[in-house]
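Data first, discussion second: the structure below is written as structure tokens.
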Amino acid sequence: MLKRLGFDVVTAADGYEALEVFRQNRDRIKVVLLDLTMPRLDGAETLPESRRLDPSVRVVIASGYTEVDVTSRFAGQGLAGFIQKPFDLVQLEALLRSILATQD
């Protein structure tokens with residue numbers, strides 16, 4: 001979906017790999033899309049580590065849980081957004097365009 005929307009995409013299989021990919025590419029990453037449930041290191045554990053690498057990183061959490069459940073769990077952690085799975089191309093595009101429109 002992201003490629004269809006014209007975004008360059010860097011992927012990771014789990015939270016540990018995501019942190020390494022972020023370390024290596026953080027200068028070109030505009031938004032991190034984190035799944036709440038990932039193997040080895042989940043989204044809740046990956047988010048604070050991402051913040052240590054770059055406090056201004058914009059993170060969107062994707063989850064099958066409701067927005068209320070997720071945003072209350074991450075209150076005060078500066079989420080850029082939330083998207084509930086399953087989502088479609090239109091929802092993803094609207095969210096990302098909104099987030100990117102507020103970037104410096």
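No hydrogens, no waters, no symmetry mates; every other heavy atom, side chains included, goes into these values.
When only modelled atom types and interatomic distance are considered, S56 and D54 share a side-chain donor-acceptor pair under 3.5 Å.
The neighbour count for F74 CZ, taken as heavy atoms of other residues, nucleotides or ligands under 6.0 Å away, is above 12. The environment of D88 atom CG is dense: over 12 non-hydrogen atoms of other residues, nucleotides or ligands sit within 6.0 angstrom.
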If you apply the rule side-chain contact (heavy atoms from CB on, under 4.5 Å), what do you find for L79 with L47, and how did you get there? CA-CA 9 Å; L79 283 184; L47 176 62; 3.9 Å; yes

Check the pair V10 / R28 against side-chain contact (heavy atoms from CB on, under 4.5 Å), numbers first and verdict last. CA-CA 10 Å; V10 221; R28 66 186 202 111; 3.8 Å; yes

Residues R73, I61; criterion side-chain contact (heavy atoms from CB on, under 4.5 Å); working and verdict: CA-CA 11 Å; R73 181 174 177 185; I61 295 285; over 6 Å; no

Given the rule in the side-chain contact (heavy atoms from CB on, under 4.5 Å) test, do R58 and L100 qualify, once you have shown the distances and angles that lead to the verdict? CA-CA 9 Å; R58 294 177 186 255; L100 292 171; 5.8 Å; no

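Note on V90: it does not cluster hydrophobically with F82, by side-chain heavy-atom contacts below 4.5 Å among ILVMFWY residues. Hydrophobic clustering places I99 together with V9 (ILVMFWY residues linked when any side-chain heavy atoms are closer than 4.5 Å, directly or through intermediates).
With a 4.5 Å cut-off on side-chain heavy atoms, L19 and S50 count as touching. Side chains of I29 and V57 form no contact here, defined as non-hydrogen atoms less than 4.5 Å apart. Side-chain atoms of F7 and L92, non-hydrogen and from C-beta on, never get closer than 4.5 Å to each other. E20 is listed as a side-chain neighbour of R23, based on a closest heavy-atom distance under 4.5 Å. With a 4.5 Å cut-off on side-chain heavy atoms, L96 and L2 count as touching. With contacts defined as side-chain heavy-atom distances shorter than 4.5 Å, the pair L33/V60 qualifies.
The distance from atom CZ of F87 to atom CG of L95, rounded to the nearest 0.5 Å, is 9.0 Å. To the nearest 0.5 Å, the span separating CD on E45 from CG on D42 amounts to 4.0 Å. Atom CE in M38 sits 11.0 Å away from atom OH in Y16 (nearest 0.5 Å). To the nearest 0.5 Å, atom CG of residue L5 and atom CG of residue L89 are 4.5 Å apart. The structure places OH of Y65 at 10.0 Å from NZ of K85, a figure rounded to the nearest 0.5 Å.
Proximity of a side-chain donor or acceptor of S98 to a complementary backbone N or O of A94 within less than 3.5 Å is not detected.
Minimum heavy-atom separation, L36 to S63: CD2-OG, 3.6 Å. Taking every heavy atom of both residues into account, V21 and A12 meet most closely at CG2-CB, 4.4 Å. Scanning both residues, R40 and D14, for their nearest heavy atoms gives NE-OD2, 2.7 Å.
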